[in-house]
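As the structure lists them, so they are numbered: ligands from 1, and atoms in each ligand from 1.
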Amino acid sequence: MAANGTGNGNQEFSFKNVAAAGNGLARIQTHKKQNGICHDDSSPPVKAQTIDELHSLQKKKSAPTTPIKGTQGAFATISEEERQKQQLQSISASLASLTRETGPKVVKGDPARKSETPRVAHEHHYTPAISISDSALKFTHILYNLSPAELYEQAIKYEHGSFITSNGALATLSGAKAGRSPRDKRVVRDETTENELWWEKGSPNIEMDEHTFLVNRERAVDYLNSLDKVYVNDQFLNWDPEHRIKVRIVSARAYHSLFMHNMCIRPTAEELENFGTPDFTIYNAGQFPCNRYTHYMTSSTSVDLNLARREMVILGTQYAGEMKKGLFSVMHYLMPKRQILSLHSGCNMGKDGDVALFFGLSGTGKTTLSTDHNRYLIGDDEHCWSENGVSNIEGGCYAKCIDLSGEKEPDIWNAIKFGTVLENVVFDEHTREVDYSDKSVTENTRAAYPIEYIPNAKIPCVGPHPKNVILLACDAFGVLPPVSKLSLAQTMYHFISGYTALVAGTEDGIKEPQATFSACFGAAFIMLHPTKYAAMLAEKMSKHGATGWLVNTGWSGGSYGSGNRIKLAHTRKIIDAIHSGSLLRANYTKTEVFGLEIPTEIEGVPSQILDSMNTWSDKNAYKDTLLKLAESDREKHLAYACSRKFKGFSLSLSDFSQRKGCCRNKRFRSFCVLCLLSN
Ligand SMILES: Nc1ncnc2c1ncn2[C@@H]1O[C@H](COP(=O)(O)OP(=O)(O)O)[C@@H](O)[C@H]1O
Ligand SMILES: C=C(OP(=O)(O)O)C(=O)O
Ligand SMILES: [Ca+2]
Ligand SMILES: [Mn+2]
């Protein structure tokens, strides 16, 4: 029991005994000063009398990077105290129950650090004099826009499964869900959205009523207020200053707060001082399930969007991608209202200012191919195309990291460092080295990092009008050529059809690549009818003279299971040739069925792979597979044509580009792909 005991039964052993025996280590000699005081080294002593004082020296008050101005024009700014009060009032209002008190008593700071809270707590609380529920008696502690370092400490202290990996990233687990849950997404259908949104078959918008939304909202808010503390992030979306959106994210996990810190645009200290009321709020109560007795609920997960209230509620899933893609859906509603096209695309820019867009469903290569050491990165996933050019919606990137390697993807590899959130990866328990090939938790392992972690990021993340529009299709059938040049009509056709494969993991329940048709290469996130976005794209592409390309980043030489995925190195060479303009000047031949223009030669790519037919050993199997794909494609388009005549007919690509057989029925015109092209 004794502190100096050896614990092995040898009660005799101690350093004293060794020294006394005269055969141990020599005594340490210290310099004796004249006054007789010993010093064990020569460095000056710390300026503290007590341990507490020493600790208080360690931290200094953080000051805003931009000094806050004393006056703003003719108006004097409000006092610091008043500003703090307004900020707390705004947070309290966000967390208010809609059926009981006006808002919880909120206090900034960590409840674990008792000394920090009472003073503020006493000054600001916003409940009526008489509390009518127990929840009104407690404080809600707010951890407001914490820094990555603070969030690391919170995660490691309080969240199971949080670790620092050897590269400095924060490894976390997202729980039972490691991908999005599109079948659990609900959108409030009211008088406005009834007419504005796309509700028909094929739409991602599954309706819920306002009342049910409020039931779920109350559930989330009550859950959040029942906790010791909640995280609040106030941030921005969209680098175009004219169309910037203020978002507030209320969440229960440091992981979620750090994820959104990385993914949304980070305000400067001054911007935060003047943040005011958010334009949109997320309530992420992902640890808590929804109640399946509630109307419209078909599982324990619910991701609910209310455009009128400008709110989103998350219950029953901790997958962080729901927040980022939820906000993307909101932008797909708000931006087109302002004649701005929202794009599910990556975006980069060459040294001469040539901009390329990379459209693609999850896992098709937007992040991988827009992150290019020879070009400036504008963004990897969500953009706007307005009269001013392109702007990134986000402030960070979200890279898939299954089989990530430093050789193949150096910039993404190096971005995984302190501040980066690493989701669901497996690492060595001792060295903390990540094994990127390990799929034990999920195939959808991810890294979320601020965009400036990519050395050649273009900050601010805006650029001129695109020159190339690249449609990435991860073809699980293995019949699409690695690259083809598209006419404007073909670009629209493929944009609306959105043929690609859903890759494993990104959506709940997907275990292997599965063919899908995802309108606008992001049907899960669009809010309006696909032709609305397509019409805007066609208009912008023709106005700015952009060229469309279809790039297959999926299989070749056979379908998934028998063929192989096209080598990333080859795809990169293809993309290089698009950027440089050399592919535009190449010689082309036409393929059967889809009538795609394929180049005969590309530097650095074996010519025999450019026509996918050559890569298949069984030519009949190739033809059958190609026809099967074309047939499904046609069926998809029939759903978007205004003419009822098309029922039972088949529509080929040449009909499409000649708009043959279109009835031009006024009532359906705005939803018709054929009418669209005749405008
Ligand atoms: N030929 C290829 N082109 C692009 N990506 C490829 C290719 N072959 C394999 N990959 C892998 O596919 C994944 C693409 O994912 P990512 O770029 O994150 O897609 P997205 O950003 O569109 O969701 C990466 O893991 C990448 O390494
Ligand atoms: C985050 C997602 O998308 P992406 O793979 O396109 O980044 C997602 O689909 O959940
Ligand atoms: Ca028509
Ligand atoms: Mn991506």
Discussion item. Can you tell me which residue among E382, E423, R446 is in a side-chain hydrogen bond (donor to acceptor under 3.5 Å, both in side chains) with Y398?
Written reply: E423
Item to complete: Just let me know how K400 lines up against ligand 2, side chain, backbone, both or neither, with a heavy-atom cut-off below 4.0 Å.
Response: neither
Discussion item. Heavy atoms only, cut-off 4.0 Å: how does Y319 contact ligand 2, side chain, backbone, both, or neither?
Written reply: side chain
Worksheet item: So is D381 polar-close to ligand 2, meaning N/O to N/O under 3.5 Å?
Response: yes
Worksheet item: Mind checking whether I609 and K567 have side chains closer than 4.5 Å, heavy atoms only?
Response: no
Discussion item. Test your reading of the model: is there a side-chain donor-acceptor pair from D380 to the backbone of T371, 3.5 Å cut-off?
Written reply: no
Worksheet entry | Check against side-chain hydrogen bond (donor to acceptor under 3.5 Å, both in side chains), N262 and Y453 | CA-CA 10 Å; N262 290 351; Y453 281 18; 5.9 Å; no
Discussion item. Are any of the N/O atoms on D380, whether in the backbone or the side chain, positioned under 3.5 angstrom from an N/O atom of ligand 1?
Written reply: no
Discussion item. Please determine whether the number of non-hydrogen atoms from other residues, nucleotides or ligands lying under 6.0 Å from atom NZ of K408 exceeds 12.
Written reply: no
Item to complete: Working to the nearest 0.5 Å, report the span between CZ of F594 and CG of L486.
Response: 11.5 Å
Worksheet entry | Residue-ligand contact G321/ligand 2, heavy atom below 4.0 Å | no
Discussion item. Can you confirm, on distance only, whether ligand 1 has an N/O atom lying under 3.5 Å from any N/O atom belonging to L369?
Written reply: no
Item to complete: Flag G365 as yes when one of its N or O atoms lies below 3.5 Å from any N or O atom of ligand 1, and as no otherwise.
Response: yes
Worksheet item: Relative to the heavy atoms of L568, which atoms of ligand 1 are at a distance of less than 4.0 Å?
Response: 1 (N), 2 (C), 3 (N), 4 (C), 5 (N)
Fill in: Side chain to side chain, L305 and M527, heavy atoms closer than 4.5 Å
yes
Worksheet item: Is there side-chain contact between D184 and K177, with heavy atoms separated by less than 4.5 Å?
Response: yes
Worksheet item: So, is T367 polar-close to ligand 1, with some N/O to N/O distance under 3.5 Å?
Response: yes
Practice prompt. Please write down residue, atom name and distance for the protein heavy atom closest to atom 25 (O) of ligand 1.
Written response: I402 O, 4.1 Å
Worksheet item: Between H344 and F328, does the ring centre distance come in under 6.0 Å?
Response: yes
Discussion item. Quick test: of every protein heavy atom, which one is nearest to atom 11 (C) of ligand 1, and how far off is it to 0.1 Å?
Written reply: R565 NH1, 3.8 Å
Item to complete: List every atom of ligand 2 that sits less than 4.0 Å from any heavy atom of Y398, numbering the atoms from 1 in the order shown and giving each element.
Response: 1 (C)
Discussion item. For Y533 together with F495, are the ring centres under 6.0 Å from each other?
Written reply: no
Worksheet entry | Test item: Y436 and L422 side chains (from C-beta on) under 4.5 Å apart, heavy atoms | yes
Fill in: salt bridge (Lys or Arg N to Asp or Glu O under 4.0 Å) evaluation trace for K366 with D381
CA-CA 7 Å; K366 294 182 300 297; D381 198 47; 3.7 Å; yes
Worksheet item: Quick one: are F418 and P148 in side-chain contact, heavy atoms under 4.5 Å?
Response: yes
Worksheet item: Quick one: which ligand 2 atoms are inside 4.0 Å of a heavy atom on H344?
Response: 6 (O)
Discussion item. Determine whether a donor-acceptor pair (N or O, by modelled atom type, separation under 3.5 Å) exists between the side chain of N392 and the backbone of I378.
Written reply: yes
Fill in: ligand 1 versus L361: contacting region, heavy-atom distance under 4.0 Å
backbone
Item to complete: Give yes if a backbone or side-chain nitrogen or oxygen of K366 is under 3.5 Å from a nitrogen or oxygen of ligand 1, and no if not.
Response: yes
Practice prompt. Can you spot which of F280, F213, Y283 makes a side chain to side chain contact (heavy atoms under 4.5 Å, CB included) with M312?
Written response: F280
Item to complete: For residues N238 and I340, determine if any side-chain heavy atom of one lies less than 4.5 Å from a side-chain heavy atom of the other.
Response: no
Fill in: Proximity of T368 to ligand 1 by residue part, where a heavy atom lies under 4.0 Å
both
Response to the item:
Among K324, K325, E322, closest by heavy atom to atom 2 (C) of ligand 2 is K325
Worksheet entry | Test item: Q318 and H256 side chains (from C-beta on) under 4.5 Å apart, heavy atoms | yes
Response to the item:
For E409, the atoms of ligand 1 under 4.0 Å from one of its heavy atoms are 27 (O)
Worksheet item: Under the 3.5 angstrom rule, does the side chain of K325 hit a backbone N or O of S329 as a donor-acceptor pair?
Response: no
Item to complete: Number the atoms of ligand 2 from 1 as they appear, then name those within less than 4.0 Å of a heavy atom of K366, with their elements.
Response: 6 (O)
Worksheet item: So what's near the Mn ion (ligand 4), protein N, O or S atoms under 2.8 Å?
Response: T367 OG1
Worksheet item: What is the nearest protein non-hydrogen atom to atom 23 (O) of ligand 1, stated with its residue, atom name and distance?
Response: G363 N, 2.6 Å
Discussion item. For ligand 1, which is the ligand I care about here, please tell me if I566 has any N or O atom under 3.5 Å from one of the ligand's N or O atoms.
Written reply: yes
Worksheet item: So which protein heavy atom does atom 5 (O) of ligand 2 come closest to, and at what separation?
Response: S362 OG, 2.5 Å
Discussion item. Is G360 close enough to touch ligand 1? Criterion: a residue heavy atom under 4.0 Å from a ligand atom.
Written reply: no
Worksheet item: Looking at K400, which atoms of ligand 1 are within less than 4.0 Å of one of its heavy atoms?
Response: 15 (O), 18 (O)
Fill in: Structural part of K567 in contact with ligand 1, heavy atom criterion under 4.0 angstrom
backbone
